[in-house]
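Working notes for the structure below.
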Amino acid sequence: MPVDPQTERFLELLASWTAPPPDGDAAAEPAIAEMRSRIGAAFPVVRRELAQVRDVAVPGPGGPVPVRLYRPVPPGRGPLPAVVYLHGGGWVLGGVDNVDALCRDLAASAGCVVLNVGYRLAPEHPFPAAVDDAWAVVASAAREPERYGIAPGAVAAAGDSAGGNLAAAVALLARDRGLPLVHQLLVYPVTDTAMDTPSWRRYGSGYGLDAGSLARFMDLYRGGADPSDFRLAPLRAPDLAGAAPATVITAEYDILRDEAEAYARRLAAAGVPVELRRYDGVVHSFFLLPEIFDAGAEAMDFAVRRLRAAFDDHARQGNAACTTGTSG
């Protein structure tokens, strides 16, 4: 399918935002600190007002993990289901502020608590720091739901890009550690370390997410870890059976498209309920930018429907269990 006109305009904007200064060396590799400052200012957005937005800290293996909690209704209205959201940025860039607008919209539209996780970044904190922090927040939400106003057992994990990688990893950890999630929402996730798919080769330059940059970030994050560790490469997990039901969203012109879709197929083959949806004509990051991409708003609506259905299924199962227990 041809590149969408909105995609063309976005790529032009992106080129202007990331262009080196006139007196700079275009071939020089930008420093991590410079890239972090750029990403923070690149996408101005309108932020929705919610009944409650507050910052909390969750104990983690490397110290307190900063988390921003969003609640669409006042705390006195009772517990809500929850989404633990993990931002993208190649495990090197990004943070809570970069997905603040998205998390506000997700909380309001899905009628849930959202926990936006400020996990530790590489290269200062290589693997498994990010996944350990992500797991600490998921485990806390599952084990201490009253702390966050969460309905017991109604926790989903979600993330985009590297955050989708972390969401997939914690969904497998949750299965293995006896804290099953109700859903996993994976938005163009990194699922492998091989970097050898047709989409990697075809869309590695000129489509927003540069293959060389992501390879550099992956090296900074992975360090000396085994590239087949499922916490790094969920696609290489020996068995995906029993993982949380999943929604996988991909973009046509994205280097991560093929590995994300391969993960969806492997989940389905393992008996995991999964729905895969590819958005044609668009590139990586479209989900975060509904102001630019109509497909971003459509994908958000789809993700919200899937999360609401998962929460409703969990509530029905809980009610059925209560009814059975009472009648017995």
Side-chain angles (χ1 to χ4, degrees), residues 40 43-60 64-88 94-119 133-134 136-160 163 166-167 170 179 181-185 187 244 247 249 287-291 296-319:
F43 306 115
V45 294
V46 175
R47 301 179 193 277
R48 185 192 298 248
E49 292 295 323
L50 294 177
Q52 184 184 52
V53 178
R54 64 187 178 98
D55 291 333
V56 300
V58 174
V65 181
V67 173
R68 186 165 296 163
L69 182 151
Y70 307 83
R71 190 177 179 87
V73 297
R77 298 277 185 90
L80 297 174
V83 173
V84 175
Y85 196 88
L86 301 152
H87 67 82
V96 167
D97 288 338
N98 297 106
V99 291
D100 180 77
L102 179 142
C103 288
R104 289 168 183 263
D105 290 345
L106 191 59
S109 300
C112 66
V113 171
V114 174
L115 301 176
N116 176 3
V117 183
Y119 57 84
D133 287 355
V137 177
V138 167
S140 180
R143 291 170 176 155
E144 308 172 277
E146 66 285 347
R147 178 183 177 190
Y148 309 100
I150 295 173
V155 178
D160 62 280
L166 297 173
V170 296
L179 291 175
L181 304 177
V182 298
H183 203 74
Q184 52 179 319
L185 169 63
V187 181
T247 299
I249 291 172
F287 184 77
L288 302 180
L289 298 169
E291 300 86 359
E298 293 169 10
M300 172 61 87
D301 289 345
F302 171 59
V304 165
R305 291 197 302 273
R306 292 284 292 166
L307 287 168
R308 280 190 173 274
F311 295 146
D312 288 346
D313 285 347
H314 174 78
R316 282 194 293 269
Q317 291 168 10
N319 291 337

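Arg104 and Asp100 are joined by a salt bridge, as a carboxylate oxygen and a charged side-chain nitrogen come within less than 4.0 angstrom of each other.
Taking CE of Met300 as the reference point, atom CG of Leu307 lies at 9.0 Å (rounded to 0.5 Å). Atoms CZ and CG, from Phe311 and Leu80 in turn, are 9.5 Å apart once rounded to the nearest 0.5 Å. Of the inter-residue distances, the one linking Tyr70 atom OH with Cys103 atom SG reads 4.5 Å to the nearest 0.5 angstrom. The distance from atom CG of Leu185 to atom CD1 of Ile249, rounded to the nearest 0.5 Å, is 5.5 Å. If you take CD1 on Ile150 and OG on Ser140, they are separated by 8.0 Å, rounding to the nearest 0.5 Å. Taken from CZ in Arg147 to CG in Leu69, the straight-line distance is 9.5 Å, to the nearest 0.5 Å.
Side chain of Asn116 to main chain of Val96: a donor-acceptor pair is present (N/O by atom type, distance under 3.5 Å, no hydrogens or angles). Distance alone, capped at 3.5 Å, places no donor-acceptor pair between the Arg71 side chain and the Val114 backbone. For Asp105 (side chain) and Leu102 (main-chain N/O), no donor-acceptor pair under 3.5 Å exists by modelled atom type.
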*How far apart are the C-alpha atoms of Asp301 and Val304, what are their side-chain angles, what is the distance that settles it, and do they pass the side-chain contact (heavy atoms from CB on, under 4.5 Å) test?*
CA-CA 5 Å; Asp301 289 345; Val304 165; 5.7 Å; no
*Go through His183 and Arg306 one step at a time and tell me if the side-chain contact (heavy atoms from CB on, under 4.5 Å) criterion holds.*
CA-CA 9 Å; His183 203 74; Arg306 292 284 292 166; 3.7 Å; yes
_Criterion side-chain contact (heavy atoms from CB on, under 4.5 Å) on Val84 and Val155, from CA distance to verdict_ = CA-CA 7 Å; Val84 175; Val155 178; 4.1 Å; yes
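Tyr85 pairs with exactly one of Val137, Val117, Leu106, Leu115 by the side chain to side chain contact (heavy atoms under 4.5 Å, CB included) rule, that one being Leu106.
The shortest distance between side-chain heavy atoms of Thr247 and Gln184 does not fall below 4.5 Å. Considering only heavy atoms from C-beta on, Pro81 stays 4.5 Å or farther from His314 through its side chain. Considering only heavy atoms from C-beta on, Val99 comes within 4.5 Å of Asp160 through its side chain.
In this structure, Pro72 and Cys112 approach most closely via the heavy-atom pair CD-O, 3.2 Å. Nearest heavy-atom pair across Pro290 and Gly296 is CB-C, 4.3 Å. Nearest heavy atoms, Ala151 versus Pro79: N-CB, 3.6 Å. Residues Val83 and Ala158 approach most closely at CG1-CB, 3.7 Å, considering heavy atoms. Shortest non-hydrogen contact noted between Pro64 and Ala57 is CB-CB, 4.0 Å. Closest non-hydrogen pair, Ala136 versus Gly60, comes out as CB-CA, 4.1 Å.
In this structure, Tyr119 has its ring center under 6.0 Å from that of His87.
For Glu49, the CD atom is loosely surrounded, since the number of other residues' heavy atoms within 6.0 Å does not exceed 12.
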